Amino acid sequence: MDQAEEIGVVTTIEPRPRADFVRTQSVEATARRALGYLNAGFSVHFRGPAGTGKTTLALHLAALLGRPMVMITGDEEMLTSTLVGTQHGYHFRRVVDRFIHTVTKTEETADKRWADHRLTTACREGYTLIYDEFTRSRPEANNVLLSVLEEGLLVLPAQNQNEPYIKVHPNFRVIFTSNPQEYAGVHDAQDALGDRIVTIDMGHADRELELAIAAARSGLPPTQVAPIVDMVREFRETGEYDQTPTLRTSIMICRMMSQERLAPTIEDQQFVQICMDILGGKSLPGGKGDNKRAQQQKMLLSLIEHHCPARSFTSVGEV
């Protein structure tokens with residue numbers, strides 16, 4: 001993403017493809033499909049659990065579209081006015097009339113000013129809107145999008161008396177993301193909105209993609225990230241956690257290996273402790289008894305020893 005530009009109260013971003021964006025056949029196929037829908041005039045919704053690259057892919061597509069971008073993150077407190085705009089301050093006007101020198105007439109007026117918010121700015125200018133985790137907003141806040149996506153009209157609140165609605169720019173597109181596996185603070189998307197967008201389900205990346213991304217984000221060679229990726233993938237398959245270990249887990253461990261110049265081996269106590277911190281953190285506090293937690297720690301140590309046995313690698317940077 002390049003420099004930001006202020007337009008009224010809305011900041012737009014000039015998106016650019018990130019240098020470490022990993023392209024595999026599966027990623028390119030998904031991006032190609034989504035870009036085809038967007039170019040055809042549809043909006044796209046990436047739906048999947050945390051750590052599956054939904055937001056990263058949305059930003060990548062915004063860069064491919066080549067237009068300025070605005071971004072919104074869904075929130076329980078989101079209102080229609082948060083998306084569209086609201087009254088903002090006052091414009092004062094004072095007129096003093098002394099046409100007759102013995103008489104002074106004063107007239108004062110105060111008019112409220114209207115300020116566009118991100119959805120309105122994107123609709124006017126034909127920008128790309130990324131609505132991240134949109135199901136965290138209450139459905140009624142998103143109702144304004146129905147006419148935008150179907151009729152190409154953005155209906156403005158009654159407070160904006162001078163402009164009841166605006167015609168949506170033909171280049172305007174929305175890229176939505178959502179996580180259906182989270183329950184706290186998540187609402188069901190209304191059918192009317194879902195019927196107007198193309199939903200692409202995203203799962204956890206395959207091993208090839210996880211290896212490529214972990215290597216790109218940590219700067220380590222694939223041979224050193226492979227045992228970490230395999231360890232995290234096996235931990236994910238056990239189901240013995242409260243929070244799913246995702247690709248981000250592998251990236252965290254690999255980046256710490258790179259920073260601290262550690263070898264992925266059970267003999268390195270600092271490496272083992274980092275793995276225990278990051279993997280063990282996937283259990284919620286108080287969610288398990290002492291005995292259960294001890295069993296999980298034993299399982300994690302077994303996973304580390306299996307995938308990172310003694311003397312299997314030299315430390316980072318050594319020959």
Side-chain angles (χ1 to χ4, degrees), residues 1-15 34-46 54-55 57-75 77-89 112-178 189-199:
M1 291 177 288
D2 206 358
Q3 64 185 44
E5 174 189 356
E6 289 290 339
I7 300 187
V9 295
V10 177
T11 300
T12 64
I13 299 171
E14 296 289 344
L35 189 60
Y37 292 129
L38 291 166
N39 286 334
F42 300 109
S43 291
V44 171
H45 169 208
F46 293 121
K54 303 181 298 294
T55 305
L57 187 54
L59 292 167
H60 177 68
L61 286 171
L64 294 179
L65 288 172
R67 293 190 291 274
M69 176 196 81
V70 293
M71 191 168 185
I72 298 171
T73 300
D75 184 85
E77 302 301 320
M78 182 82 71
L79 302 173
T80 300
S81 60
T82 314
L83 294 170
V84 176
T86 187
Q87 301 287 4
H88 179 72
K112 285 187 176 181
R113 287 182 173 179
W114 173 265
D116 287 347
H117 285 181
R118 296 176 191 178
L119 174 61
T120 306
T121 297
C123 287
R124 286 187 193 277
E125 306 297 334
Y127 295 159
T128 302
L129 172 66
I130 294 182
Y131 197 164
D132 202 32
E133 301 292 353
F134 82 101
T135 53
R136 291 184 181 275
S137 302
R138 290 176 293 175
E140 55 267 28
N142 294 326
N143 283 339
V144 68
L145 287 163
L146 301 180
S147 62
V148 169
L149 299 180
E150 184 69 21
E151 285 80 24
L153 290 177
L154 173 60
V155 180
L156 298 177
Q159 296 96 314
N160 188 12
Q161 301 175 1
N162 297 325
E163 195 176 23
Y165 63 87
I166 64 172
K167 186 172 178 59
V168 176
H169 194 287
N171 289 336
F172 170 77
R173 297 292 184 276
V174 189
I175 304 175
F176 298 89
T177 75
S178 74
Q190 60 266 58
D191 291 341
L193 182 56
D195 195 43
R196 289 163 166 79
I197 58 182
V198 178
T199 297

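None of the values given here were measured: they were computed from a predicted structure.
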Are L146 and L193 close enough that some pair of their side-chain heavy atoms sits under 4.5 Å apart?
yes
V174 side chain reached by L119 side chain, heavy atoms, under 4.5 Å
no
Atom CD1 in I72, atom CZ in F176: separation rounded to 0.5 Å?
9.5 Å
Exactly one of N142, N143, D195 should register a side-chain hydrogen bond (donor to acceptor under 3.5 Å, both in side chains) with Q190. Which one does?
N143
Kindly say whether L38 contributes a backbone atom to a donor-acceptor pair with the side chain of R173 at under 3.5 angstrom?
yes
Sidechain-backbone polar pair: S43 side chain, I175 backbone, donor-acceptor under 3.5 Å
no
Between M78 and F134, is a side chain to side chain contact (heavy atoms under 4.5 Å, CB included) present by the stated rule, with each step listed?
CA-CA 10 Å; M78 182 82 71; F134 82 101; over 6 Å; no
So do L154 and F172 actually touch side chain to side chain, heavy atoms under 4.5 Å?
no
Got a donor-acceptor contact below 3.5 angstrom from the S147 side chain to the L153 backbone?
yes
If we only count heavy atoms from C-beta on, is the R118 to Y127 side-chain gap below 4.5 Å?
no
Check: N171 and L65 side chains under 4.5 Å, non-hydrogen atoms:
no
Measure across V44 and A34 and return the closest heavy-atom pair with its distance rounded to 0.1 Å.
CG2-O, 3.8 Å
I'd like to know if the side chain of N39 and the backbone of L35 have a donor-acceptor N/O pair within less than 3.5 Å.
yes
Spatial distance of atom CG (L59) from atom CE (M71) [nearest 0.5 Å]:
5.0 Å
Flag, side chain of R67 to backbone of G126, donor-acceptor distance under 3.5 Å
yes
